[in-house]
Amino acid sequence: MVHPAGRHRFPALHRDRPRTGARWRNASPLRRPAAALRVTLAAVAALVTAACSAHPAPTTEPVPPAPVSAARLSTALPDDPVRMVLPATGAETRWTQGLDVFVRQEARAVTASCAHDLGTEPPTQDPVAFIRYYELPDLDFVARHGMSGSAAVPVVTPGPVRTDTGDRSGTGSERLVGRGSDEGKEKKGSGAGKGKRNGAGETGDTAVMRRCVTEGTAAATALRDTYAALQGQWFGTLVPLRHDPAVLRALRTLPGCLARRGIRVRDENGFFALADARQQTTSADRLPTVERALGSAYADCMRPVEAVREPARLRLRARFLADHAAEVRTLRANLLPALRRAGEEHGLRLVFPAA
């Protein structure tokens with residue numbers, strides 16, 4: 001999955017392995033032939049990958065846990081914003097996921113508001129989804145909701161429409177008054193009208209949308225810049241844990257544990273490849289059960305690994321905070337006020353997945 005442009009990420013890490021179910025299941029069943037071929041090839045490739053990194057496929061499916069209620073949303077903030085930006089435990093990444101979503105929603109809200117002001121439609125995009133950080137697995141959440149199940153992200157109402165005098169007015173559903181109507185578009189004046197072309201030969205709507213997307217990206221980048229550099233350094237600090245002898249010893253227990261649950265793979269990457277293949281090939285009605293069975297097995301078998309990694313990450317963070325004391329003070333002073341301003345300006349709520 002491609003991460004938002006400009007994000008500081010773990011170098012060469014997959015924060016959303018396996019891919020989130022929200023992204024998988026959002027695909028329309030009515031595909032163009034080329035798109036259908038790509039999906040088929042992706043499924044075949046996933047199966048081949050699983051075969052290369054796993055032992056022969058299990059003869060039995062892992063036993064799924066009892067059904068549970070859907071994941072909820074929470075608005076509870078951490079006692080220290082450091083835990084949202086520099087997570088050290090799987091549970092803390094719920095705050096990180098909420099922050100990621102908030103920034104992406106700001107980009108969309110600014111883009112939509114700009115488009116409405118200029119009398120055109122905002123671009124159609126897939127729904128925003130919480131994306132997990134499997135380098136810091138939230139095992140309790142995975143055990144309960146499966147490999148990719150999560151809370152649904154609330155839909156944001158488009159921003160207010162600019163009137164003839166340049167003022168913004170209306171809230172909630174009132175903001176949509178006049179949207180898509182000829183009257184609403186005639187009020188916007190000249191060259192941005194639908195179907196008109198500018199000097200470069202592109203339609204006015206295309207030029208307007210490019211401008212609006214740029215505005216949205218700039219707003220999100222400005223907000224992200226309040227924490228992204230420090231977060232990128234923190235994620236880089238975690239990379240050496242992959243090669244820590246104690247972590248490697250704990251990871252060697254994973255294949256045997258999974259095999260006892262009917263899942264035969266050589267390592268964690270083999271498990272992700274198998275989970276990916278199962279997601280691609282399981283029918284929609286059985287997918288939640290399969291996901292929860294895999295999630296339950298993964299969570300149980302990764303607990304010895306996290307018992308080693310989590311204390312190590314907490315120690316690393318304590319050292320990191322001391323080494324970056326000035327940047328951390330700035331983060332603590334600026335992040336929450338910046339989020340509140342963005343939320344008030346664009347009608348956004350900072351929400352997090354909760355088990």
Side-chain angles (χ1 to χ4, degrees), residues 1-17 20 77-111 128-138 153 213-244 309-310 312-346 348-353:
M1 183 177 297
V2 177
H3 303 305
R7 301 297 301 274
H8 292 272
R9 289 286 159 236
F10 291 96
L13 299 194
H14 301 286
R15 71 181 174 118
D16 51 329
R17 297 179 308 177
T20 60
L77 290 167
D79 54 2
D80 185 345
V82 158
R83 300 175 68 194
M84 181 161 51
V85 176
L86 314 176
T89 71
E92 288 179 344
T93 65
R94 300 179 200 177
W95 286 312
T96 316
Q97 293 173 56
L99 178 60
D100 290 344
V101 160
F102 187 90
V103 173
R104 299 203 304 275
Q105 285 183 319
E106 185 190 32
R108 294 187 178 199
V110 171
T111 299
V128 176
F130 294 114
I131 301 177
R132 304 222 192 129
Y133 288 73
Y134 267 93
E135 196 75 12
L136 295 86
D138 186 356
V153 175
V213 169
T214 298
E215 285 188 18
T217 301
T221 298
L223 180 58
R224 191 178 291 119
D225 283 348
T226 61
Y227 65 87
L230 191 64
Q231 187 182 69
Q233 293 179 67
W234 166 239
F235 287 158
T237 300
L238 296 180
V239 172
L241 277 181
R242 295 181 189 170
H243 311 293
D244 181 87
R309 289 196 303 200
E310 188 171 298
R313 288 193 297 259
L314 290 168
R315 291 191 296 270
L316 285 172
R317 186 167 66 185
R319 191 180 315 148
F320 185 89
L321 296 180
D323 292 343
H324 298 81
E327 298 100 312
V328 170
R329 281 195 299 271
T330 300
L331 174 73
R332 286 170 169 156
N334 295 340
L335 179 61
L336 291 183
L339 295 174
R340 290 191 187 100
R341 285 193 299 271
E344 291 168 0
E345 182 175 358
H346 304 297
L348 304 176
R349 283 196 312 149
L350 184 60
V351 294
F352 316 99

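On a predicted model such as this, the values are computed, not experimentally measured, just so you know. FYI, the numbering just counts along the sequence from 1.
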Trainee: Just so I know, are the side chains of Thr217 and Thr214 near enough to count as touching, which here means a heavy-atom distance under 4.5 Å?
Mentor: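 No, side chains not in contact.
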Trainee: Could you work out, with side chain to side chain contact (heavy atoms under 4.5 Å, CB included) as the rule, every residue matching Pro240, not counting sequence neighbours?
Mentor: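 Partners of Pro240 under the side chain to side chain contact (heavy atoms under 4.5 Å, CB included) test: none.
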Trainee: Over all heavy atoms of both residues, which pair between Leu348 and Ala109 is shortest? Give the atoms and the distance, please.
Mentor: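 That closest heavy-atom pairing would be CD2-CB, 4.3 Å.
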Trainee: According to side chain to side chain donor-acceptor pair (under 3.5 Å), who are the partners of Arg317, at least two apart in sequence or on a separate chain?
Mentor: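 So Arg317 forms a side chain to side chain donor-acceptor pair (under 3.5 Å) with Glu92.
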Trainee: Between Arg83 and Pro78, what is the shortest heavy-atom contact and its length?
Mentor: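 Scanning both residues completely, I find the closest heavy atoms to be CB-CB, 4.2 Å.
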Trainee: Would you say the side chain of Thr89 lies within less than 4.5 Å of the side chain of Leu136, judging by non-hydrogen atoms?
Mentor: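 No. Closest side-chain heavy atoms not under 4.5 Å.
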Trainee: Taking all heavy atoms of Leu335 and all of Pro81, pick out the closest pair and write down the distance.
Mentor: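 Of all heavy-atom pairs spanning Leu335 and Pro81, the closest is CD2-CB, 4.1 Å.
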Trainee: Going by the rule side chain to side chain contact (heavy atoms under 4.5 Å, CB included), which residues pair with Thr237 if we only count those two or more places apart in sequence or in a different chain?
Mentor: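 By the side chain to side chain contact (heavy atoms under 4.5 Å, CB included) rule, Thr237 matches Trp234, Leu316, Phe320.
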Trainee: What's the shortest heavy-atom distance between Ala338 and Leu223, and which atoms?
Mentor: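 Shortest heavy-atom separation between Ala338 and Leu223 comes out as CB-CD1, 3.9 Å.
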Trainee: Any side-chain heavy-atom pair from Leu339 and Thr226 closer than 4.5 angstrom?
Mentor: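 No, every pair of side-chain atoms sits at 4.5 Å or beyond.
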Trainee: Rounded to the nearest 0.5 Å, what's the gap from CZ on Arg224 to CD on Glu106? Could you check?
Mentor: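 Reported to 0.5 Å precision, the distance equals 9.5 Å.
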Trainee: Nearest 0.5 Å, please: how far is CE in Met84 from CH2 in Trp95?
Mentor: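 Here the interatomic distance stands at 9.0 Å.
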Trainee: Quick one: are Phe352 and Thr93 in side-chain contact, heavy atoms under 4.5 Å?
Mentor: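 No, every pair of side-chain atoms sits at 4.5 Å or beyond.
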Trainee: Which residues satisfy the side chain to side chain contact (heavy atoms under 4.5 Å, CB included) test with Thr330, sequence neighbours excluded?
Mentor: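 In terms of side chain to side chain contact (heavy atoms under 4.5 Å, CB included), with neighbours along the sequence ignored, Thr330 is linked to Asn334.
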Trainee: Restricting to pairs with a member in residues 319-341, which pass salt bridge (charged side-chain N to carboxylate O under 4.0 Å, His left out), not counting sequence neighbours?
Mentor: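 Qualifying pairs, neighbours excluded: Asp80-Arg332.
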Trainee: If the condition is side chain to side chain contact (heavy atoms under 4.5 Å, CB included), which residues does Ala312 pass it with, not counting sequence neighbours?
Mentor: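 Expected list: Leu241, Arg315.
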Trainee: Quick one: sort the Tyr133 and Phe235 rings into parallel, tilted or perpendicular, breaks at 30° and 60°.
Mentor: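 Answer is tilted, since the angle falls between 30° and 60°.
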Trainee: Search all heavy atoms of Ala342 against all heavy atoms of Phe102 and return the closest pair with its distance.
Mentor: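 Closest approach of Ala342 to Phe102, heavy atoms only: CB-CE2, 3.8 Å.
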Trainee: Please report the interatomic distance CG(Leu86) to OG1(Thr96), rounded to the nearest 0.5 Å.
Mentor: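 Taking CG in Leu86 and OG1 in Thr96, the distance rounds to 8.5 Å.
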Trainee: For a 4.5 angstrom cut-off between non-hydrogen side-chain atoms, does Val153 reach Gln105?
Mentor: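 When only atoms from C-beta onward are counted, Gln105 and Val153 do touch, with a gap below 4.5 Å.
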Trainee: Any side-chain heavy atom of Val85 sitting closer than 4.5 Å to one from Leu331?
Mentor: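 SC-SC contact between Val85 and Leu331 confirmed.
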Trainee: Is there a side-chain contact between Leu238 and Arg309 in this structure, where contact means two heavy atoms from C-beta onward sitting under 4.5 Å apart?
Mentor: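 Leu238 does not reach Arg309 side chain to side chain.
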